[in-house]
Amino acid sequence: MGRLDWISRPAGPLHGTLAVPGDKSVSHRALMLAALAEGDSRIHGFLEGEDTRATAAVLAQLGVSIEAPAPGERLVRGVGLHGLRGSERPLDCGNAGTGMRLLTGLLAGQAFDSTLVGDESLSRRPMRRVTEPLVRMGARIDTQDGLPPLHVHGGQRLHGIRYELPVASAQVKSALLLAGLYAEGETEILEPHPTRDYTERMLAAFGWPIEFAPGRARLSGGHALRASEVQVPADFSSAAFFLVAASVVPGSDLRLRAVGLNPRRTGLLQALRLMGADIEVLDERHSGGEPVADLRVRYAPLHGIELPQALVPDMIDEFPALFVAAAAAHGRTAIRGAAELRVKESDRIATMAAGLRTLGIRVEEAPDGAAITGGTLGQGTVDAHGDHRVAMSFAIAGLVARGGVRIEDCRNVATSFPGFMELANGCGFALKAI
Ligand code: S3P
């Protein structure tokens with residue numbers, strides 16, 4: 001597919017009420033559990049992104065009927081825990097780390113072999129973090145020196161393990177829990193810092209006995225999943241771009257509707273408030289077992305902070321946006337304890353540092369973070385390296401960069417945020433594809 005570049009020019013103020021698309025993490029999990037459940041499940045608010053559609057296509061290839069009665073709706077005809085059928089063809093996870101890692105756990109317990117492949121970016125992402133503990137559970141998985149493609153051998157007898165995650169990762173935790181459904185005995189996961197617990201909550205909602213608390217989860221194999229109805233909240237990580245945009249463009253006043261506020265996702269909200277942002281949480285309620293609320297964000301002058309390291313796992317996907325907030329803030333923002341950023345869809349410390357430097361901002365890189373000295377952003381051409389969140393973050397930088405920003409390689413925005421450009425321009429951005 002051809003490359004896509006964007007130009008984002010100074011604009012605003014930003015105004016309006018926006019509904020950002022459904023949560024990516026929840027959408028992936030809903031498809032997988034619904035596929036393995038007995039009976040028909042409905043998913044509302046499903047993210048129509050390339051990542052989640054890739055997961056749906058993989059499950060369809062494994063024999064699951066998934067209908068799309070309307071945009072954002074899925075009807076999944078569950079085949080039961082042992083009802084998947086093997087596929088001779090490779091299973092293509094596209095750009096999705098979540099898809100590949102969770103599916104690896106799920107496939108480790110099947111009777112058939114599978115091969116998982118991904119795009120260029122996913123093919124560079126480390127998979128040993130999942131395959132190593134799965135092998136301890138009795139799985140057999142071949143990697144290419146720790147990277148995809150992954151060949152998952154079927155017909156293995158899995159047994160539960162007690163595993164302390166070396167890095168906080170909801171993807172690894174979830175892969176092990178999904179393998180644990182097929183394992184003999186108990187699977188127990190302990191995390192160095194609590195991560196998003198959607199898999200645990202959703203397993204419980206689908207009727208699987210599971211014990212969990214922040215930082216730990218435990219289940220046994222040999223039960224069944226019951227079909228369920230899933231309401232997917234709006235993705236906080238997509239809302240995040242607008243929280244930063246309205247915070248940095250003078251005169252802005254935006255409202256974001258029904259955003260998922262799972263506490264393991266909202267670190268950026270706290271970080272922005274520490275920087276002086278004006279964000280109100282309105283009409284807090286629950287939807288599909290998750291806390292949601294409307295967010296009102298108004299322009300406020302931001303100042304640099306030393307980011308509390310405890311917030312890092314709760315905002316692991318929001319660093320590209322935070323880098324831009326820091327660049328537009330007064331003073332220095334120091335980020336440490338975020339080495340995981342180097343193995344996301346791109347090396348997000350390097351890609352954000354390079355782009356911001358091009359725009360005239362001082363960035364000192366560290367192995368596990370960066371120090372950004374806020375200032376006046378100038379014009380320039382930056383490379384998103386095919387990373388959706390980097391592309392959207394530089395679109396925000398363009399709003400306040402004198403002369404605008406040209407952003408190269410933006411096609412992957414559709415992996416997580418289809419319709420970003422339309423939504424952004426609708427509230428006052430001046431963003432166009434070239
Ligand atoms: C995710 C977990 C996080 C996050 C990713 C989605 C998930 O990855 O960065 O975008 O849905 O479990 P890690 O588990 O690798 O930190």
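Counting from 1, the numbers follow the sequence of the chain as shown. Each ligand, and each atom within it, is numbered from 1 in the order the structure gives.
Using a cut-off of 4.0 Å between Lys/Arg side-chain N and Asp/Glu carboxylate O, Arg218 and Glu186 are scored as salt-bridged. Under 4.0 Å is where a charged nitrogen must lie from a carboxylate oxygen, and between Arg216 and Glu191 no such pair does. With respect to Arg53 and Asp51, no salt bridge is recorded, no charged nitrogen being found less than 4.0 Å from a carboxylate O. A salt bridge is absent between Asp409 and Arg411; no separation between the charged side-chain nitrogens and carboxylate oxygens falls under 4.0 Å. With respect to the salt-bridge test (charged N to carboxylate O, under 4.0 angstrom), the residues Glu318 and Arg389 do not qualify.
In Lys173, neither the side chain nor the backbone holds a heavy atom less than 4.0 Å from any atom of ligand 1.
Annotation: atom 6 (C) of ligand 1 to nearest protein heavy atom, Thr98 OG1, 3.3 Å. From the protein, the heavy atom lying nearest to atom 14 (O) of ligand 1 is Ser169 OG, 2.7 Å. Atom 7 (C) of ligand 1 has as its closest protein heavy atom Arg29 NH2, 3.4 Å.
Test Lys173, Arg264, Arg265 against Thr195 for side-chain hydrogen bond (donor to acceptor under 3.5 Å, both in side chains) and you get one pass: Lys173.
Close contacts of ligand 1 with Ala170, meaning ligand atoms under 4.0 Å from a residue heavy atom, involve 12 (O), 14 (O). Each of the following atoms of ligand 1 lies closer than 4.0 Å to a heavy atom of Ile316: 9 (O).
Inclusion of Val172 in the set of residues having an N or O under 3.5 Å from an N or O of ligand 1 is not warranted. Taking any N or O of Glu340, backbone or side chain, none lies under 3.5 Å from an N or O belonging to ligand 1. At least one N or O atom of Asp317, backbone or side chain, sits closer than 3.5 Å to an N or O atom of ligand 1.
Ring pair Phe420/Phe242 is tilted by interplanar angle, where 30° to 60° counts as tilted.
Of the listed options Gln171, Lys344, Glu345, Lys344 places a heavy atom closest to atom 16 (O) of ligand 1.
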